[in-house]
Amino acid sequence: MPIRNAECAAVFAEIADMLEIQGANPFRVRAYRNAARTIADYGRDIPAMVANGDDLGKIPSIGPDLASKLREIAATGTCELQQTLRHALPGAIVELLEVPGLGAKRVKALHDALHVDSLEQLRTEAKNGHVRELPGFGARTEAHLLDAIDERLRDPQRFLLPDAAHALMPLLERLRAVAGVGKAVPAGSFRRRRETVGDLDILVTSRDPVAVADAFVGYGDVARVLAHGKTRSSVVLVNGLQVDLRVVDADAFGAALVYFTGSKAHNITLRRIAQAGGLKINEYGVFRGDERIAGATEASVYEAIGLHEVPPELREDRGEIDASRAGTLPVLVERKHVRGDLHAHTDASAGRDSLRAMADAARARGLAYLAITDRTPHAGGGRNAFEWLARQLDEIDRVNASFDDFVLLKGVEAGIREDGSLDVPDAMLGRLDLVVGAVRDGFDLSRDAQTERMLRAMDQPHFTILAHPTGRVLGERDACELDLPRVIAQAAARGCFVELDAQPRRLDLPDIWCREAAKAGVPVAIGSDACSADELDNLAYGVDQARRGWLTRRDVLNTRTLAQLRPLLARTMGAGGASKRSRSKGA
DNA sequence: GCCGTTTTCGGCCCGACTGTTTTCAGTCG
């Protein structure tokens with residue numbers, strides 16, 4: 001399989017782990033970690049840049065040495081350093097670092113003294129009581145490690161946002177009920193609205209921190225207490241979700257919220273800026289010497305170091321700090337800007353509710369339009385295969401006649417065949433307002449074949465929106481191999497759109513590609529992909545992801561009024577797509 | 001190993017909690 005950014009990043013991450021275990025210079029280790037993260041998030045294909053002879057040194061955190069290693073990895077899939085380190089540290093030793101409580105020093109100690117180089121070996125040695133005899137270890141540490149290994153082997157899972165929220169809300173309520181508590185708010189990746197969270201972070205202000213911590217570790221759903229201090233505690237809930245609590249004074253709330261929201265990389269950059277200006281940032285405030293100059297609000301913290309407040313969704317150290325300093329942060333799209341929904345199902349296909357019920361629910365949510373995009377059946381064909389769709393179009397006319405402030409748009413979710421053709425006849429497509437094209441099988445095609453398939457589909461005269469472009473289902477199916485920059489370029493040339501499917505288990509387009517679409521001038525269509533009236537609320541998750549992708553109101557297609565939207569849809573539905581394609585080929 | 005309106009060399013974020021220590025190393029967020 002050809003090497004991609006993710007594989008390059010994985011090589012650097014493994015090198016960082018192995019160097020750390022060997023006791024290498026910690027700053028050298030950090031350099032590999034930073035590079036791995038940058039590459040994994042990078043919006044351009046690095047192997048392609050290598051092939052082009054582009055200057056990799058322009059990529060942040062990549063210097064001459066790592067640039068040369070990237071060229072080596074792009075060509076061979078590995079590099080000499082990785083092979084040397086693997087030879088020195090055999091087995092699955094790096095997986096030991098993922099056990100909570102085990103860092104590089106202890107892994108090295110286990111390896112040197114007991115020749116442990118896998119989770120299984122560690123479990124055996126711990127069960128036999130050998131671990132507790134090592135210097136720096138003890139009986140308690142050994143017991144914790146056994147617990148942690150079992151937990152890790154059982155389910156090393158991440159949680160979808162709605163599942164995390166389901167666990168979070170009752171816990172927040174309990175904490176808010178504790179005497180002396182002011183605010184109790186979620187922070188961490190949940191607040192940044194990452195598509196999945198590995199743990200939950202809660203920040204509380206209180207004049208009685210001990211009472212808060214006691215209520216926290218005594219919560220009924222707590223399975224295990226990892227730490228129980230005055231200002232910080234950690235637990236694992238019965239569903240396996242780790243929750244970290246931090247309690248501070250009200251006047252430190254802003255600084256603590258910045259600190260606890262992260263990301264870690266964002267915070268490190270903030271602190272470096274503070275340091276360069278003779279200041280210090282910690283979770284209690286911004287300090288000049290002993291004098292505290294900010295900290296009650298997040299805005300005050302940013303302002304103290306010459307920055308504008310950065311929306312939580314952007315705090316990933318992906319350029320937001322430079323933008324903040326320059327005053328060029330995007331004004332992000334909000335849920336209230338979204339005027340309609342461009343992807344929904346009824347009981348005619350995958351949905352559970354009727355056309356009428358979906359219309360009423362959309363209208364009740366303040367939407368001005370809803371596209372009905374039922375799914376074509378996989379099998380079948382024949383002369384009357386699309387009779388249901390014809391009937392639905394008539395029904396849409398009847399329902400629309402009953403509204404004067406709301407419109408159902410006529411659409412379909414057409415399957416994209418492996419040859420790039422759509423599984424709905426042109427004559428039928430021509431009667432619609434929009435056509436949402438979706439890959440629903442053949443996710444394992446080669447990168448070239450998958451990309452060609454989508455480009456050909458987008459070239460169809462009636463094609464409007466490419467649904468859930470990568471096909472990922474979080475925790476179940478990886479994104480398919482796809483040259484997204486080419487797909488986005490094609491959408492720009494063709495005047496069609498890419499979707500951000502707002503189902504919390506999809507959130508597809510991923511954030512970094514939302515941003516690339518916006519850079520290319522391709523509006524992103526946020527679609528709830530609702531299979532019931534309730535699921536129209538998915539739009540909020542889509543907006544969260546859009547914000548993480550730096551999208552403004554203008555970058556999102558369905559912030560348009562219906563009057564603004566219609567001509568954009570009509571342009572994709574008209575004839576002439578093929579000639580536009582031939583124009584784009586020369587570009 | 002990267003990086004630079006203090007630097008091309010000498011820096012590299014900061015504090016809490018645990019367990020094993022007897023003043024602190026290791027880990028974590």
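The model shown is predicted, which means the values in this text are computed figures rather than measured ones.
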Inset, instruction - Mind checking ring pair (Phe, Tyr, Trp, His ring centres under 6.0 Å) for Tyr541(A) and listing every partner two or more places apart, or none if nothing turns up? - result: none
Inset, instruction - Answer yes or no on whether Arg192(A) is positioned over the face of Phe190(A), meaning its NZ or CZ is under 6.0 Å from the six-membered ring centre and within 45° of the axis. - result: no
Inset, instruction - Would you indicate what Ala276(A) reaches in the nucleic acid, counting non-hydrogen atoms under 4.0 angstrom: base, sugar-phosphate, or nothing? - result: base
Inset, instruction - Can you sort out the partners of Ala211(A) under side chain to side chain contact (heavy atoms under 4.5 Å, CB included), two or more places apart, ordered by chain and number? - result: Val178(A), Asp208(A)
Inset, instruction - Just do the side-chain contact (heavy atoms from CB on, under 4.5 Å) check on Leu89(A) and His111(A) with the steps written out, would you? - result: CA-CA 9 Å; Leu89(A) 292 171; His111(A) 178 251; 4.1 Å; yes
Inset, instruction - Any chance you could measure Ile202(A), atom CD1, to Arg246(A), atom CZ, to the nearest 0.5 Å? - result: 14.0 Å
Legend entry - Members of residues 10-19 of chain A that approach DNA chain B, where some heavy atom sits under 4.0 Å away: none
Legend entry - Sugar-phosphate, base or nothing in reach of Pro64(A), heavy atoms under 4.0 Å: sugar-phosphate
Inset, instruction - Could you check which nucleotide pairs with dG1(B) in any of the strands shown, counting Watson-Crick or G-U wobble with both distances under 3.5 Å? - result: dC12(B)
Inset, instruction - Mind running a 4.0 Å heavy-atom check of residues 65-86 of chain A against DNA chain B and sending the residues that fall below it, in number order? - result: Asp65(A), Leu66(A), Lys69(A)
Inset, instruction - Scan residues 199-206 of chain A against DNA chain B and write down, sorted by residue number, each residue with any heavy atom closer than 4.0 Å; if none is found, say none. - result: Asp201(A)
Using the 3.5 Å cut-off, write out each protein N or O paired with an N or O of nucleotides 19-25 of chain B and the distance between them.
unit_1  : atom_1 : unit_2    : atom_2 : d
dG19(B) : OP1    : Arg140(A) : NE     : 3.3
dG19(B) : OP1    : Arg140(A) : NH2    : 3.4
dG19(B) : O3'    : Thr141(A) : OG1    : 3.1
dT20(B) : OP1    : Gly138(A) : N      : 2.9
dT20(B) : OP1    : Gly138(A) : O      : 3.3
dT20(B) : OP1    : Ala139(A) : N      : 3.3
dT20(B) : OP1    : Thr141(A) : N      : 3.4
dT20(B) : OP1    : Thr141(A) : OG1    : 3.3

Legend entry - Partner set under salt bridge (charged side-chain N to carboxylate O under 4.0 Å, His left out) for Glu309(A), not counting sequence neighbours: none
Inset, instruction - Would you please name every residue forming a salt bridge (charged side-chain N to carboxylate O under 4.0 Å, His left out) with Arg292(A), sequence neighbours left out? - result: none
Inset, instruction - Please identify each residue that fulfils side chain to side chain contact (heavy atoms under 4.5 Å, CB included) with Lys230(A), with sequence neighbours left out. - result: Val210(A)
Donor-acceptor pairs under 3.5 angstrom involving side-chain atoms of residues 96-109 of chain A: please list them, not counting sequence neighbours.
unit_1    : atom_1 : unit_2    : atom_2 : d
Glu98(A)  : OE1    : Arg152(A) : NH1    : 3.4
Glu98(A)  : OE1    : Arg152(A) : NH2    : 2.6
Arg106(A) : NH1    : Gly101(A) : O      : 2.9
Lys108(A) : NZ     : Asp112(A) : OD2    : 2.7

Legend entry - Where protein sits on nucleotides 9-17 of chain B, one letter per nucleotide: B base, S sugar-phosphate only, - none, heavy atoms under 4.0 Å: ---BBBBSS
Legend entry - Residue-level proximity of residues 209-221 of chain A to DNA chain B when a heavy atom falls under 4.0 Å: none
Legend entry - Pairwise C1' distance for dT20(B) and dA25(B), with rounding to whole Å: 9 Å
